[in-house]
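Here's the structure we're looking at; comments come further down.
Keep in mind that this is a model prediction, so the values were computed, not measured. All residue numbers refer to positions in the sequence shown, counting from 1. Atoms within a ligand are numbered from 1 in the order they appear, just like the ligands themselves.
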Amino acid sequence: MNLIEQTFRQRTAASCAHADAASRVMPGGDTRAAGHHPPYQLTMVRGEGPWLTDLDGHRYLDLIGNFTSLVHGNAYPPIVEAARSAIEDGSNWPARNRHAVALAEEIVARVPSVEQLRFTNSGTEATMVAVELARVATGRRMVLMARYGYHGSAPHFEVGTFGHEGPETLLATHGDAASFEAVLSDRGHEIAAVILEPVMGSGGLVAASPEFLSRVQHATHAAGALVVLDEVITLRLAPGGAQALLGARPDLTAMGKIIGGGFPVGAVGGREDLLALCHPARPKLFHTGTFNGNPVTTAAGLVSLQHLTGEKIADMAARMTTFEARLAKSSADVGLPLSTRRAGSMLQVFLSPTPPDATPLRTDATEITAFHLAALNHGVFMAPRGLLVLSTVLDDDLADEAADRLSLALEDVAAELP
Ligand code: PLP
């Protein structure tokens with residue numbers, strides 16, 4: 001066992017024991033794959049602003065914000081207040097609630113392509129409903145997505161995330177418009193929807209250019225298919241989402257994360273004529289769900305969006321630019337290769353001289369695992385795959401402190417590697 005892992009185990013005995021207990025009742029002791037890492041996950045007991053506290057009492061600067069959803073940090077007081085008040089009014093009922101309508105109005109006002117929307121309980125459901133709407137609208141079954149793109153856990157997307165085509169899934173290369181045009185010209189008559197992330201998140205923060213999106217949109221429409229933009233993580237990049245920055249107007253948009261203020265959420269929005277397909281009085285697509293648009297989530301989500309101004313988004317992006325430069329310097333100081341991709345307040349780190357085309361093609365699996373564990377030892381919580389995300393409550397001083405802590409982690413990694 002290397003020194004980094006030894007230190008981790010020594011610091012976190014209570015989490016270790018809890019991981020054993022968890023493994024008896026949940027495979028791998030866990031119920032979501034993305035946060036899983038060796039030798040065991042920590043058990044967190046409290047989140048407060050930019051800090052998380054684990055079962056052993058250690059504090060961590062939170063640089064993942066529950067995979068981008070906690071854009072205002074943990075237990076943000078205005079969100080806590082909105083959620084508490086909604087709970088006190090009763091948690092949910094099968095009738096309209098005012099918060100859901102207010103949140104829908106806020107999203108429609110912010111994202112011009114979203115004329116109407118329906119809420120779901122996760123981004124996974126949002127992308128699934130978007131594809132079902134496209135299937136009903138076109139009478140076709142196939143989906144075309146980017147190889148290594150991520151659109152949640154539905155089987156017809158997961159195959160593509162792992163780089164394979166499937167019975168209902170075709171693949172092309174993100175950023176390469178010609179590869180999408182080729183598939184659309186070949187199989188366009190079978191394709192209901194082309195679904196794309198404006199920035200491939202789990203794929204390694206690979207950003208689409210306006211030209212790429214516009215060519216794909218043109219070819220998609222020429223083939224009689226629909227464009228679904230998956231903005232589940234990118235809605236934090238501008239008040240109107242990445243589509244506002246890219247000048248894109250998709251037919252449908254999948255949303256999630258920040259629109260729930262930290263609670264389970266998703267939404268599919270877009271053209272009114274497409275959303276009308278799930279009008280409950282004349283449904284072509286039956287869309288329902290016990291918790292869709294529940295008052296607690298939507299009250300919290302409204303505050304989350306209202307407090308996420310263009311100014312705060314720009315501040316976070318500027319802070320991340322400084323942070324990125326500090327990491328580059330720290331790695332150079334200890335002689336470790338480091339490359340990054342940044343999208344606004346999100347940063348993907350690779351411990352290789354250049355970033356791979358997509359995360360599954362990375363060559364630094366050993367190094368990133370060591371870095372992630374070393375970061376935990378120094379009190380920084382990031383995604384095991386090397387994704388770091390800022391929130392509005394992590395100010396310049398704390399970002400500096402996080403960069404200091406990570407430079408110690410990089411030193412540990414450099415000392416450990418042969
Ligand atoms: N789409 C994208 C781009 C995502 O990043 C995610 C989650 O990370 C999803 C869809 C799925 O969202 P959820 O985890 O809420 O199901």
Side-chain angles (χ1 to χ4, degrees), residues 30-36 64-71 107 111 117-134 143-162 169 174-175 193-208 213 227-238 241-243 246 248 250 252-270 289 291-294 297-298 300-301 304 341 343-348 358-360 382-389:
D30 190 7
T31 191
R32 56 194 285 199
H36 199 76
I64 189 61
N66 196 22
F67 277 93
T68 78
S69 60
L70 293 171
V71 71
I107 294 171
V111 188
L117 64 81
R118 296 294 291 247
F119 287 112
T120 62
N121 299 295
S122 65
T124 292
E125 279 178 71
T127 54
M128 287 169 70
V129 173
V131 164
E132 291 312 315
L133 283 173
V143 175
L144 172 58
M145 65 180 273
R147 185 175 292 101
Y148 309 126
Y150 182 63
H151 303 291
S153 313
H156 52 269
F157 295 135
E158 271 196 343
V159 281
T161 301
F162 288 99
T169 312
H174 196 274
V194 175
I195 183 164
L196 275 174
E197 294 164 273
V199 179
M200 279 214 293
S202 118
L205 293 189
V206 181
L213 268 189
V227 174
V228 178
L229 210 58
D230 183 346
E231 293 246 37
V232 169
I233 64 166
T234 50
L235 223 49
R236 64 159 46 224
L237 296 180
Q243 56 193 268
L246 291 161
L252 292 166
T253 298
M255 294 164 277
K257 311 265 191 194
I258 66 167
I259 66 166
F263 292 94
V265 80
V268 53
F291 300 105
N292 289 2
N294 73 79
T297 291
T298 50
S304 170
R341 282 208 199 88
S345 50
M346 303 183 284
L347 186 72
Q348 173 66 49
T359 304
M382 64 180 191
R385 65 172 186 260
L387 176 70
L388 296 132
V389 179

* To do: Test side-chain contact (heavy atoms from CB on, under 4.5 Å) on K257 and V71 and set out the steps.
  => CA-CA 9 Å; K257 311 265 191 194; V71 71; over 6 Å; no

* Asked: Which is it for N292 and N121 under the side-chain contact (heavy atoms from CB on, under 4.5 Å) test, yes or no, and what are the steps along the way?
  -> CA-CA 6 Å; N292 289 2; N121 299 295; 3.1 Å; yes

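When heavy-atom distances to ligand 1 are checked against a 4.0 Å cut-off, H151 comes that close only through its backbone atoms N, CA, C and O.
Expressed to the nearest 0.5 Å, how far CG of L252 lies from CD of E231 amounts to 12.5 Å. With values rounded to the nearest 0.5 angstrom, T234 atom OG1 is found 8.0 Å from E197 atom CD.
Those atoms of ligand 1 with a heavy atom of S122 less than 4.0 angstrom away are 15 (O), 16 (O). Against a heavy-atom cut-off of under 4.0 Å, E197 is close to the following atoms of ligand 1: 3 (C). Shown in contact with Y150 at under 4.0 Å from a heavy atom are these atoms of ligand 1, numbered in order with element: 1 (N), 2 (C), 3 (C), 4 (C), 5 (O), 6 (C), 7 (C), 8 (O), 9 (C).
Within the structure, side chain to side chain donor-acceptor pair (under 3.5 Å) contacts touching residues 145-160 (residues at least two apart or in different chains) are R147-T173, H151-D230.
Any N or O atom pair closer than 3.5 Å counts here, and K257 shares at least one such pair with ligand 1. For the pair G123 and ligand 1, the shortest N or O to N or O distance falls below 3.5 Å.
Regarding atom 5 (O) of ligand 1, its nearest protein heavy-atom neighbour is I233 CG2, 3.3 Å.
Within a 6.0 Å sphere centred on CZ of F291, heavy atoms belonging to other residues, nucleotides or ligands number 12 at most.
Counting heavy atoms only, D230 comes closest to atom 2 (C) of ligand 1 of the residues T124, V199, V265, D230.
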